[in-house]
Student: 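I am attaching a structure below and will ask some questions about it afterwards.
Numbered from 1 within each chain, the chains take letters A, B, ... in sequence-line order.
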Number of protein chains: 2
Amino acid sequence: MRLTTKGRFAVTAMVDLATRGGRGPVTLAGISERQKISLSYLEQLFGKLRKNNVVASVRGPGGGYCLARPASKISIVDIIIAVDEPLDATNCGAQGNCCDGKPCLTHDLWFGLNEKIHEYLAGVNLQQLVDGQAKNNSDAAPVTMTKSTGKSAHVPA
Amino acid sequence: MRLTTKGRFAVTAMVDLATRGGRGPVTLAGISERQKISLSYLEQLFGKLRKNNVVASVRGPGGGYCLARPASKISIVDIIIAVDEPLDATNCGAQGNCCDGKPCLTHDLWFGLNEKIHEYLAGVNLQQLVDGQAKNNSDAAPVTMTKSTGKSAHVPA
DNA sequence: GGGTATTCTATTATTCCTCTAGGGACGGGG
DNA sequence: CCCCGTCCCTAGAGGAATAATAGAATACCC
C-alpha cells in the first residue's frame, strides 16, 4: 500500500467519472480539463484501471469510460492498487530472513500496519466519496497485530 | 500524508532506536547494520528527524541518537511527516480555485480522507510498535467528512 | 466509404524522488 | 595537540513519476 499522488490522481479521476457516470461514457478529455490532469497521464492510469476491471471503455465518437460496476462496489483500495503496484519496503524481498534467518520485528509491524491501512481504505467506496462523506462506521475492524503471522499479512496484489 | 519506503525506513529505524534507547545514544552505524539501511540514507533521515525534534543527537565518540521524548509520545505520523514532507496532490496549489474559482469537490474529499489516515497513524505510537502490537482501540475517532471546511483539514507540517 | 471522435499503444522528454558517495565539523581520549 | 568516532552537509547518479507527442485502431455519422 503506497500512498502517492499517482493513486490520488486516479481516485480524483474516478470520483469525477462516478459523478457523471449515469449519463453514458465519460471522456478522458473531459476529466482532464475538469480535474487538471494531463490527458496522456490519464490514459496511462485508465489503461491500468481497465486491465484491473475497475472501469470499462467504449471506443469511437460518443465513447469514453464507465465504471465497471456500481460505485458502491468500488473501494478506494481497488483504485489505488490498480494504478500503484504494491511496494516492498523490506530489505530482504519480504523473505523474512534479513536478520540472521529470522524475520525482523519490523517486518511484522509493517505488515500489520499495512493491513490496517489497507482495510481502512477498503472500507471506503466510491459512492461514499461521491456522496461527500467517508466511512464513519468501523467495519474495517481493528486488527490485532499478531507477530509471526508471516506472509499472510501481506498486501494482496 | 504520503506513504512510501522513505517513511517506512524511518519508522523501522526509529523502532530499532526505541528498543535500545535505554542504554545511551545509539549509533546510525548500528542501525544501518541491523536494519540493512544504507548509512548515508539514515543520516539524511535522521537529519530531518532531528530538525523536527523527534530525536536528539550526541556527537563524538560514544555519541549517537536518542529519542527526543518517551516512545509513547512519538506517533507514527510524527516520524512520517518529519521525513516525508507533506505533498500537495491538488493541481491548484491547495488554493481551492482550480475549478472556476471554487474548490473542486475532490479537494474536500481528499482532505477528509487524508485527515482520517492521518488521525489513524497519529493514534499509533512508537511504544506500541515496540511492544509488538498496534493500536486496537479507536480513539483516533472516526471523523465525519465535512465538506468545505477548507484548509483546516490540511495536514499539519 | 470518408471524416471524425475517441480509446489505445508506444516512444520520448522532463521533472521529481530515492539513495549513494564523499568530505567536513565536532568532541572525547590519549 | 593529534587521532578517531561520530554526526552533519552537499552534490550527484539512477530511476520512477509525470507529461508530451505521434500514431494506430475502432466505431459512429453522414
Student: Calculate the interatomic distance between B:Lys6 atom NZ and D:dA16 atom C1'; express it in whole Å.
Tutor: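 Atom NZ in B:Lys6 sits about 14 Å away from atom C1' in D:dA16.
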
Student: Any chance you could measure A:Lys6, atom NZ, to A:Gln44, atom CD, to the nearest 0.5 Å?
Tutor: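 Answer for the NZ-CD pair, A:Lys6 versus A:Gln44, is 8.0 Å.
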
Student: Which nucleotide in the set D:dA17, D:dA20, C:dT6 lies at the smallest distance from any side-chain heavy atom of A:Ser38?
Tutor: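 For A:Ser38, the side-chain atoms sit closest to D:dA20.
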
Student: What do the steps show when you test A:Asp84 against A:Arg8 for salt bridge (charged side-chain N to carboxylate O under 4.0 Å, His left out), and what is the final call?
Tutor: CA-CA 10 Å; A:Asp84 224 356; A:Arg8 302 200 175 200; over 6 Å; no

Student: List the residues meeting side chain to side chain contact (heavy atoms under 4.5 Å, CB included) with B:Val58, not counting sequence neighbours, and say none if there are none.
Tutor: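 Result, side chain to side chain contact (heavy atoms under 4.5 Å, CB included) vs B:Val58: B:Pro25.
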
Student: Look at all strands and tell whether A:Leu28 reaches a base, only sugar-phosphate, or nothing, counting heavy atoms closer than 4.0 Å.
Tutor: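 It contacts sugar-phosphate atoms only.
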
Student: Nearest 0.5 Å, please: how far is CZ in B:Arg34 from OG1 in B:Thr19?
Tutor: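 It comes to 7.0 Å.
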
Student: Does any pair with a residue in residues 13-61 of chain A pass ring-ring contact (aromatic ring centres under 6.0 Å, His included), and if so which ones, sequence neighbours excluded?
Tutor: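 The answer is A:Phe46-A:Tyr65.
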
Student: Can you pull out the residues from residues 48-71 of chain A that lie within a 4.0 Å heavy-atom distance of DNA chain D?
Tutor: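 Residues of residues 48-71 of chain A under 4.0 Å from DNA chain D: A:Arg59, A:Gly60, A:Pro61.
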
Student: Could you check how far CG of A:Leu39 sits from P of C:dC8, rounded to whole Å?
Tutor: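 Between P of C:dC8 and CG of A:Leu39: 12 Å.
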
Student: Whole angstroms only, please: what is the CZ-P distance between A:Arg8 and D:dA17?
Tutor: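 Spelled out: CZ on A:Arg8 to P on D:dA17 is 15 Å.
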
Student: How many whole angstroms separate atom CD1 of A:Ile31 from atom P of D:dA19?
Tutor: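 To the nearest whole Å, that distance equals 15 Å.
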
Student: List for me each residue that meets side chain to side chain contact (heavy atoms under 4.5 Å, CB included) alongside A:Pro70, sequence neighbours excluded, and say none if there are none.
Tutor: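 Expected list: A:Ser72, A:Lys73.
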
Student: Nearest whole angstrom, please: distance from the C1' of D:dC9 to the CZ of B:Phe46.
Tutor: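 After rounding, the gap between these two atoms is 17 Å.
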
Student: To the nearest 0.5 Å, tell me how far B:Ile74 CD1 sits from B:Asn125 CG.
Tutor: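 These two atoms lie 9.0 Å from each other.
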
Student: Taking side chain to side chain contact (heavy atoms under 4.5 Å, CB included) as the definition, give me every residue that meets it alongside B:Glu33, ordered by chain and number, with sequence neighbours left out.
Tutor: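 Scan of B:Glu33 (side chain to side chain contact (heavy atoms under 4.5 Å, CB included), adjacent residues dropped) gives none.
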
Student: To the nearest 0.5 Å, what is the distance between CG (B:Leu49) and OG (B:Ser57)?
Tutor: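 Result: 11.5 Å between the selected atoms.
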
Student: So which protein nitrogen or oxygen atoms get under 3.5 Å of nucleotides 10-16 of chain C's nitrogens or oxygens?
Tutor:
none

Student: Could you tell me how far apart B:Phe9 (CZ) and C:dC19 (C1') are, to the nearest whole angstrom?
Tutor: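 Interatomic distance, CZ of B:Phe9 to C1' of C:dC19: 9 Å.
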
Student: Would you kindly give the CD-to-C1' distance between A:Glu33 and C:dA5, to the nearest whole Å?
Tutor: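 The answer, rounded to whole Å, is 16 Å.
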
Student: What is the distance from CG of B:Leu17 to P of D:dC7, rounded to the nearest Å?
Tutor: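 The distance from CG of B:Leu17 to P of D:dC7 comes to 11 Å, rounded to the nearest Å.
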
